[in-house]
Amino acid sequence: MTDVLDVIALILILIGALLCLTAAIGLLRFRDVPTRLHAATKPQVLGVILICLAIALSLRSWPVVAFLVPVALIQLATAPLSAHMVARQAHRNGTVDEAGFYVDELAESKQTPPAAGG
């Protein structure tokens with residue numbers, strides 16, 4: 001049974017590493033901010049979670065699982081939040097191609113500065 005869990009852990013680490021590699025390649029290859037943010041958050045978060053799961057399967061220890069669960073939860077919480085903040089700032093700076101928008105819900109936030117209260 002331990003050999004099967006070790007093989008599963010190895011496969012999960014390889015898949016997680018490939019997902020993190022595709023996230024890095026996407027950051028280098030994509031041109032605009034929204035596609036780069038998509039490449040930075042989606043596969044990278046899943047890759048880190050798969051690697052954490054593989055480490056937990058490989059070491060088979062409850063203290064390790066207790067350490068890795070907050071790591072995965074913090075990754076799930078911070079990656080979308082930071083991507084959202086970077087996307088809003090890119091929209092405010094005008095570095096996003098607005099011709100591709102169907103609806104621009106943040107158009108009025110460009111007229112009012114963020115600290116102006118309105």
Side-chain angles (χ1 to χ4, degrees):
M1 186 65 181
T2 60
D3 292 336
V4 173
L5 289 177
D6 287 339
V7 169
I8 292 172
L10 177 68
I11 291 170
L12 287 174
I13 285 179
L14 287 175
I15 294 171
L18 284 174
L19 284 169
C20 291
L21 178 67
T22 58
I25 291 171
L27 280 175
L28 294 175
R29 297 289 306 220
F30 290 142
R31 294 183 196 161
D32 58 342
V33 175
T35 55
R36 283 185 180 176
L37 288 175
H38 181 76
T41 55
K42 304 280 185 199
Q44 188 267 337
V45 170
L46 182 60
V48 168
I49 289 173
L50 288 177
I51 290 172
C52 288
L53 183 62
I55 292 170
L57 280 176
S58 177
L59 295 178
R60 297 178 194 92
S61 171
W62 286 112
V64 171
V65 172
F67 179 77
L68 291 174
V69 167
V71 169
L73 290 176
I74 289 171
Q75 186 68 30
L76 282 171
T78 58
L81 180 65
S82 62
H84 174 75
M85 297 307 292
V86 169
R88 280 188 70 102
Q89 189 59 39
H91 188 273
R92 281 190 190 126
N93 289 342
T95 56
V96 177
D97 182 27
E98 294 179 9
F101 292 160
Y102 291 112
V103 176
D104 190 4
E105 295 177 355
L106 298 175
E108 63 188 37
S109 70
K110 288 176 90 172
Q111 284 103 17
T112 307

Problem - Same apolar cluster: Leu19 and Leu12, side chain cutoff 4.5 Å - result: yes

Exercise for the section: Before giving the answer on side chain to side chain contact (heavy atoms under 4.5 Å, CB included), spell out for Val7 and Asp3 the whole-Å C-alpha distance, their side-chain angles and the decisive distance to 0.1 Å. Expected result: CA-CA 6 Å; Val7 169; Asp3 292 336; 5.5 Å; no

Exercise for the section: Group every Ile, Leu, Val, Met, Phe, Trp and Tyr by side-chain heavy-atom contacts under 4.5 Å, then state whether Ile15 and Leu53 land in the same group. Expected result: yes

Handout entry: Closest contact, heavy atoms only, Leu27 versus Ala40
Key = CD2-CB, 3.7 Å

Exercise for the section: Determine yes or no for a side-chain-to-main-chain donor-acceptor pair under 3.5 angstrom, with Arg60 supplying the side chain and Leu5 the backbone. Expected result: no

Exercise for the section: Establish whether Leu21 and Leu28 are linked, either directly or via other cluster members, by ILVMFWY side-chain heavy-atom contacts under 4.5 Å. Expected result: no

Problem - Expected output: side-chain Thr41 to main-chain Leu37 donor-acceptor under 3.5 Å - result: yes

Exercise for the section: Tell me whether Leu73 is reachable from Val64 by hopping between hydrophobic residues (I, L, V, M, F, W, Y) whose side-chain heavy atoms are closer than 4.5 Å. Expected result: no

Problem - Gap between atom CZ of Arg92 and atom CZ of Arg88 - 0.5 Å precision - result: 5.0 Å

Practice task
Would you sort out whether Ile49 and Leu76 count as a side chain to side chain contact (heavy atoms under 4.5 Å, CB included), showing the intermediate values?
Solution key: CA-CA 9 Å; Ile49 289 173; Leu76 282 171; 3.8 Å; yes

Fill in the blank from the handout: Apart from Phe30 itself, its cluster of hydrophobic side chains linked below 4.5 Å comprises none

Problem - Distance (rounded to the nearest 0.5 Å) between Arg31 CZ and Arg36 CZ - result: 10.5 Å

Handout entry: Which atom of Ala9 lies closest to which atom of Ala54, heavy atoms considered
Key = O-CB, 3.3 Å

Handout entry: Test side-chain hydrogen bond (donor to acceptor under 3.5 Å, both in side chains) applied to Ser61 - qualifying residues, sequence neighbours left out
Key = none

Problem - Taking every non-hydrogen atom, the tightest pair across Ala23 and Pro43 - result: CB-CG, 3.9 Å

Problem - Spacing of CG belonging to Leu46 relative to SG belonging to Cys20, to within rounding of 0.5 Å - result: 8.5 Å

Exercise for the section: Answer with yes or no whether the hydrophobic clustering places Trp62 together with Val69; edges join I, L, V, M, F, W, Y residues whose side-chain heavy atoms lie under 4.5 Å apart. Expected result: yes

Exercise for the section: Give, for atom CD1 of Ile11 and atom CG of Leu57, the distance between the pair rounded to the nearest 0.5 Å. Expected result: 11.0 Å

Problem - Among Val65, Leu68, Val71, the one residue meeting side-chain contact (heavy atoms from CB on, under 4.5 Å) with Ile55 - result: Leu68

